[in-house]
2 protein chains.
Amino acid sequence: MSLASGDHEAHGVPEDRPATPRDALAATPWLRSVSQNVLDDLAGHAVLHRLPGGSIVFEQSETPAFAQFLIGGSVELLGVRGRDESFVELIRPVDLLLPAAVLNCQPYLLRARVLGEASLLMVQAESFRQAVTSDHAFCLAVLGCQAAQFRRRVKQVKNLGLRSAEERVGCYLVRLTGSVPPGTPVHLPMEKRLIASELGMTRETFSRSLGAMARHGIRVEGDLVTLDDAASARTRFALDPLIDGAEDFHPLQAKGA
Amino acid sequence: MSLASGDHEAHGVPEDRPATPRDALAATPWLRSVSQNVLDDLAGHAVLHRLPGGSIVFEQSETPAFAQFLIGGSVELLGVRGRDESFVELIRPVDLLLPAAVLNCQPYLLRARVLGEASLLMVQAESFRQAVTSDHAFCLAVLGCQAAQFRRRVKQVKNLGLRSAEERVGCYLVRLTGSVPPGTPVHLPMEKRLIASELGMTRETFSRSLGAMARHGIRVEGDLVTLDDAASARTRFALDPLIDGAEDFHPLQAKGA
DNA sequence: TGGAGGCATTGACGCAGATCAAAGCGCCGG
DNA sequence: CCGGCGCTTTGATCTGCGTCAATGCCTCCA
């Protein structure tokens, strides 16, 4: 249920980034039930890569050469038309970048751009497909990963279609402050402009909405959020688990026939 | 590349609806490479159902009891909040209704409502999951189905985010008339209000946009569309395969390890 | 044949949110 | 200590599209 970006090793313990492709795969929760030799094989056709903020991981209409596992940092997916970009989704670790395109050998429908800094595990597309078609457990893992992504998208669409800009902001903040006792200040997990695009609005609208939150018991100063009147806030901005709930990977175990 | 709804047996040959669950599975293109006995097993835990227009197939937040295969007709998926509904997607045969929820045993995020009339094959959820976890070929088929759905959703989002209402209408009509020689009148494949919600706008806006099409070489009279000036129309409303292209199921064959 | 209900059209109007523009305000490098 | 750059804030303005309402048109059925 964390709203945090994958990108703070600023204070405290530096995230222990895996040193090798094999380590990265071993550290991926949703590959837990995949056999060692399949992971070995994948790792054998993979490289670990680190990209600075702003890098393009792939471009719209490219044919995938790799299956990209996002290991650290975060990546935004954007629809592009000429000069215009429209934000579609923010991917956080550990997840696959548009597995559908890789599986189907079809062109990417979106541009992927790194925020902050990201570590990617790049597995050769053909080896990835190979593994999916030859190993049932891996196939199930990918299926589960895709299912979670799909549900996240649906939630995003519902959030956009069913709530006003101000409500989206309110619910976001209520959720953000939900895990600490009311009154405790909480940091926004990323730059405001990024939160704004994740919530499907411009920075200006986001900024104004933050101001308006005061009227409902949420105080925002800089990147610090305090829930002054929890009752009021939670009434005005009622969370809906079918929109605001976290969407976790759900394990499916292979069984013999 | 058809825009047609799944719902015209009005003129010509009546669609041959499968008589038994087993027939329905056999007739599903994307299950072609699944072995007979798996299909037999699924059919053994399934019923074929026919629902009149307006029926609710399932309600938001229900836990799936069945995996629903849409065999004929079409079904709309809607996000619901209180009294409001927001259209999310139109499903056409043959496809699964929200497989992610079924796989993960998680509540549906959307309401499913029948348009016109629909035939559904309802497979017991547990048998469906059983088949996915025990049969690799079936697992691959479901993965492919989900991948196609995912890409359709992304295209939809791009269409909405990157084009104005009028452009969406224009592109829709250009695509609709694309398969016949310019000048030939074409029928709209469904009621205007449905096209409008598929294009993410109100009927009124859709209606006005249809009127505006005349300025770009597309004449609309009733439900008949004629492309008068193909060059002008296709320039103003340039199709983008990454938005307007059909998204078909892409087969992945199981291979031994 | 007439009227009721569903859909489409048309016009007037309003508004949420985008856009444009101009300051503030850190933060960093020199 | 200064200047520039990127982010944020704030205000003014614009506009696409939704909403509301009136009307017309079909189809179905009594």
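Note on naming: letters A, B, ... go to the chains in the order of the sequence lines (proteins, then strands), and numbering restarts at 1 for each one. Note that this is a predicted model, so its numbers are computed, not measured.
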Undergrad: Has the side chain of B:Arg81 got a donor or acceptor atom that lies under 3.5 Å from a matching backbone atom of A:Leu162?
TA: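 Checked: pair present.
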
Undergrad: When you look at A:Ile218 and A:Val174, which way does the side chain to side chain contact (heavy atoms under 4.5 Å, CB included) test go after all the steps?
TA: CA-CA 8 Å; A:Ile218 308 174; A:Val174 165; 4.1 Å; yes

Undergrad: If you only use heavy atoms from C-beta on, which nucleotide in D:dT9, D:dC17, C:dT9 is closest to the side chain of B:Ala165?
TA: D:dC17

Undergrad: Which value, rounded to the nearest 0.5 Å, describes the distance between A:His216 atom NE2 and A:Phe237 atom CZ?
TA: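 So the NE2 of A:His216 and the CZ of A:Phe237 are separated by 4.5 Å.
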
Undergrad: Can you tell me which residue among B:Arg175, B:Arg168, B:Lys155, B:Arg163 is in a salt bridge (charged side-chain N to carboxylate O under 4.0 Å, His left out) with B:Asp244?
TA: B:Arg163

Undergrad: Residues from residues 214-223 of chain A sitting under 4.0 Å of DNA chain C, heavy atoms only?
TA: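 Residues of residues 214-223 of chain A that come under 4.0 Å of DNA chain C do not exist, since none gets that close.
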
Undergrad: Would you kindly give the CG-to-C1' distance between B:Leu160 and D:dG16, to the nearest whole Å?
TA: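 From B:Leu160 CG to D:dG16 C1': 14 Å.
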
Undergrad: Grab the CG-C1' distance between A:Leu194 and D:dT8 for me, whole Å please.
TA: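 The distance from CG of A:Leu194 to C1' of D:dT8 comes to 13 Å, rounded to the nearest Å.
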
Undergrad: Enumerate all atom pairs, one protein N or O and one N or O from nucleotides 27-29 of chain D, separated by less than 3.5 Å.
TA:
none

Undergrad: For the residue pair B:Phe58 and B:Leu110, what are the closest heavy atoms and their distance?
TA: CE1-O, 3.4 Å

Undergrad: What N/O pairs connect the protein and nucleotides 19-21 of chain D at under 3.5 Å? Give each pair on its own line.
TA:
| from | atom 1 | to | atom 2 | distance (Å) |
| --- | --- | --- | --- | --- |
| D:dT19 | O4 | B:Arg208 | NH2 | 3.1 |
| D:dC20 | N4 | B:Glu204 | OE2 | 3.3 |

Undergrad: Checking salt bridge (Lys or Arg N to Asp or Glu O under 4.0 Å) for the pair B:Arg208/B:Glu166: CA distance, chi angles, key distance, verdict?
TA: CA-CA 9 Å; B:Arg208 281 183 247 276; B:Glu166 186 174 319; over 6 Å; no

Undergrad: Nearest-Å distance, CZ (A:Phe87) to C1' (C:dA18)?
TA: 18 Å

Undergrad: Could you state the atom-to-atom distance from CG of A:Leu210 to C1' of D:dC7 in whole Å?
TA: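 So the CG-C1' distance, A:Leu210 to D:dC7, works out to 14 Å.
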
Undergrad: To the nearest Å, give me how far apart CG (A:Leu199) and C1' (C:dG17) are.
TA: 14 Å

Undergrad: If I take atom CZ in residue A:Arg203 and atom P in nucleotide D:dG6, what distance separates them, rounded to the nearest angstrom?
TA: 12 Å

Undergrad: With rounding to the nearest 0.5 Å, note down the distance linking CG in A:Asp240 to SG in A:Cys171.
TA: 8.5 Å

Undergrad: Looking at every heavy atom in both B:Lys192 and B:Leu188, which two are closest together, and how far apart are they?
TA: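 Nearest heavy atoms, B:Lys192 then B:Leu188: CE-CD1, 3.8 Å.
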
Undergrad: Name the residue closer to the 5' end of DNA chain C, choosing between A:Arg163 and B:Phe206 according to the nucleotide with the nearest heavy atom.
TA: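 Whichever sits nearer the 5' end wins; that is B:Phe206.
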
Undergrad: Looking only at the side chain of A:Lys192 (C-beta and beyond, no hydrogens), which of the listed nucleotides D:dC7, C:dA8, D:dT9 gets closest?
TA: D:dT9

Undergrad: Are B:Arg193 and C:dC7 close enough that a side-chain N or O sits under 4.0 Å from OP1 or OP2?
TA: yes

Undergrad: Roughly, in whole Å, what's the span from CD in B:Glu166 to P in D:dG18?
TA: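 Distance check: B:Glu166 CD to D:dG18 P gives 13 Å.
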
Undergrad: Please report, rounded to the nearest Å, how far the P atom of C:dT9 is from the CD atom of B:Glu191.
TA: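 Atom-to-atom, B:Glu191 to C:dT9, this comes out as 12 Å.
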
Undergrad: Looking at A:Ala112 and A:Leu77, what are the two nearest heavy atoms and their distance?
TA: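 Heavy atoms only, the tightest pair is CB-CD2, 3.7 Å.
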
Undergrad: Using a strict cut-off of less than 4.0 Å between a Lys/Arg side-chain nitrogen and an Asp/Glu carboxylate oxygen, indicate whether A:Glu167 and A:Arg236 qualify as a salt bridge.
TA: yes

Undergrad: What's the shortest heavy-atom distance between B:Gly79 and B:Val88, and which atoms?
TA: N-CG2, 3.7 Å

Undergrad: Please find the pair of heavy atoms, one from A:Glu198 and one from A:Phe87, that lie closest to each other, and give the distance.
TA: CA-CE2, 3.7 Å

